[in-house]
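What follows is one structure encoded as structure tokens, with my remarks underneath.
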Number of protein chains: 2
Amino acid sequence: MPSAADNLFRVLADPTRRAIFERLTREGDQTVHALTERAGVSQPMVSKHLSALKRARLVRNRRKGRETHYHARPEALAPLVDWMRDYGRFWNDRFDRLEDLLKRMDP
Amino acid sequence: MPSAADNLFRVLADPTRRAIFERLTREGDQTVHALTERAGVSQPMVSKHLSALKRARLVRNRRKGRETHYHARPEALAPLVDWMRDYGRFWNDRFDRLEDLLKRMDP
DNA sequence: ACAAACCATAACCGAATGGTTATGAATTTG
DNA sequence: CAAATTCATAACCATTCGGTTATGGTTTGT
């Protein structure tokens, strides 16, 4: 029973792949071509990384003619946020206070 | 220039290794022997995983006679928390509201 | 129609990585 | 002292994984 966080940690572990996701998150929709220009790796490798991100639901694509546009789906990070809450709360007072506040204002 | 989150993502990507960290976080101090009993892998492998966690500052150890006690250092997760804030805020209203509240009450 | 652009897939390669067993060092215990 | 316990390290193996080049399928442009 692989936890939901498993795939996310694994997929985001690679710097190149994570950089692609970060860029899609910050800059929005991008074609494979545009991503390749600044990825530092070949176009096939960019496609592979995008496939991995797609399997983890971290990105989505729509084809537009001959080009494929990818965009980030940061909601897919939810399991990681949960994990951070579970294991971050053991030390971070800020986290604790946030959790309390959250419960009080959003029951 | 590898980001601070790089090592953490990489180290936590392996399920066995992450499980060890989770257990140390939830259950506190543990010897290698105790960890091995429920790790599902051999004792040398547990030691290796602990070494990796130690390099990432996620655990610390103190020797007590012939046994080595390890304990979690969840503060080392801080760079991951920051990363989640940077890329989680793009979707999670709860996160945004919490961040705002935090700033207002903790200037 | 033809050439060029965009992308995905296949085939392949070397390095990194998770796993094992074997061994040795240090400490307790009988 | 001898035997057993605890742990780390070494040597080794199989697999995974990030990377490449080569290729082919669509779609656009001339």
Side-chain angles (χ1 to χ4, degrees), chain A residues 1-3 5-24 27-73, chain B residues 1-3 5-24 27-73:
Chain A
M1 60 220 90
S3 107
D6 268 34
N7 281 329
L8 292 175
F9 270 118
R10 207 172 39 75
V11 167
L12 294 173
D14 180 70
T16 306
R17 189 162 46 222
R18 195 170 67 257
I20 292 177
F21 171 76
E22 292 171 354
R23 193 171 151 201
L24 286 175
E27 306 176 10
D29 201 284
Q30 306 266 339
T31 70
V32 176
H33 185 66
L35 288 170
T36 300
E37 279 177 336
R38 293 195 280 150
V41 294
S42 63
Q43 173 266 310
M45 204 54 218
V46 172
S47 282
K48 267 197 191 177
H49 283 313
L50 287 169
S51 290
L53 290 168
K54 190 177 171 184
R55 251 173 300 152
R57 313 279 186 189
L58 283 168
V59 302
R60 228 152 151 206
N61 61 315
R62 56 174 231 282
R63 314 210 29 191
K64 189 81 176 180
R66 64 182 162 183
E67 48 191 22
T68 310
H69 293 250
Y70 282 84
H71 65 275
R73 264 189 78 253
Chain B
M1 59 216 89
S3 108
D6 268 33
N7 280 329
L8 292 175
F9 269 119
R10 207 173 38 77
V11 167
L12 294 173
D14 181 70
T16 306
R17 188 161 47 224
R18 196 171 64 256
I20 292 177
F21 172 76
E22 292 171 354
R23 194 172 150 200
L24 285 175
E27 306 175 10
D29 202 284
Q30 306 266 338
T31 69
V32 176
H33 185 66
L35 288 170
T36 300
E37 279 176 336
R38 294 195 278 149
V41 294
S42 63
Q43 172 266 311
M45 204 54 219
V46 172
S47 283
K48 268 198 190 177
H49 282 313
L50 286 170
S51 290
L53 290 168
K54 190 177 171 185
R55 251 172 302 154
R57 315 276 185 190
L58 283 168
V59 303
R60 226 150 151 209
N61 61 314
R62 55 174 232 280
R63 312 209 33 188
K64 189 80 176 182
R66 65 181 161 185
E67 48 192 19
T68 310
H69 293 251
Y70 281 84
H71 66 274
R73 264 190 78 252

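Naming convention: chains lettered A, B, ... in sequence-line order (proteins, then strands); numbering from 1 in each chain.
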Gap between atoms [atom1] and [atom2], on [X] and [N] respectively (whole Å):
X: B:Leu50; N: C:dG19; atom1: CG; atom2: P; result: 13 Å
X: B:His33; N: C:dT27; atom1: NE2; atom2: P; result: 19 Å
X: A:Gln43; N: D:dT23; atom1: CD; atom2: P; result: 15 Å
X: A:Leu12; N: D:dC17; atom1: CG; atom2: C1'; result: 16 Å
X: B:Leu53; N: D:dC7; atom1: CG; atom2: P; result: 16 Å
X: A:Tyr70; N: C:dC6; atom1: OH; atom2: C1'; result: 12 Å
X: B:Gln30; N: D:dT6; atom1: CD; atom2: P; result: 14 Å
X: B:Arg62; N: D:dA8; atom1: CZ; atom2: P; result: 14 Å

Phosphate OP1/OP2 of [N] contacted by [X] side-chain N/O (<4.0 Å):
X: B:Arg63; N: D:dC7; result: no
X: A:Thr16; N: D:dG19; result: yes
X: B:His49; N: C:dT17; result: no

Could you check which of [options] has an atom nearest any side-chain atom of [X]?
X: B:Ser47; options: D:dT20, D:dT9, C:dT9; value: D:dT9
X: A:Asp14; options: D:dG18, C:dG19, D:dT6; value: D:dG18
X: B:Met45; options: D:dG19, C:dC7, C:dG18; value: C:dG18
X: B:Thr68; options: D:dT26, D:dA8, C:dG19; value: D:dA8

Next on the checklist: Using a heavy-atom cut-off of 4.0 Å across all strands, would you classify B:Thr31 as base, sugar-phosphate, or nothing?
Outcome noted: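 It contacts sugar-phosphate atoms only.
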Next on the checklist: By the 4.0 Å heavy-atom rule, please label B:Ser42 as base, sugar-phosphate, or nothing.
Outcome noted: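 Base, at least one base atom sits under 4.0 Å.
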Item to check | Donor-acceptor contact below 3.5 Å, side chain B:Arg18 vs main chain B:Leu12 | outcome: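 Indeed, once roles are kept as given, a pair shorter than 3.5 Å links the two residues.
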Item to check | Backbone of A:His49 reached by a side-chain donor or acceptor of A:Arg17 within 3.5 Å | outcome: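 Checked: no pair found.
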Look at the side chain of [X] against the base of [N] and say whether a donor-acceptor pair falls under 3.5 Å; ignore hydrogens and angles.
X: A:Glu67; N: C:dA5; value: no
X: B:Arg66; N: D:dT5; value: yes
X: A:Lys48; N: D:dG18; value: no

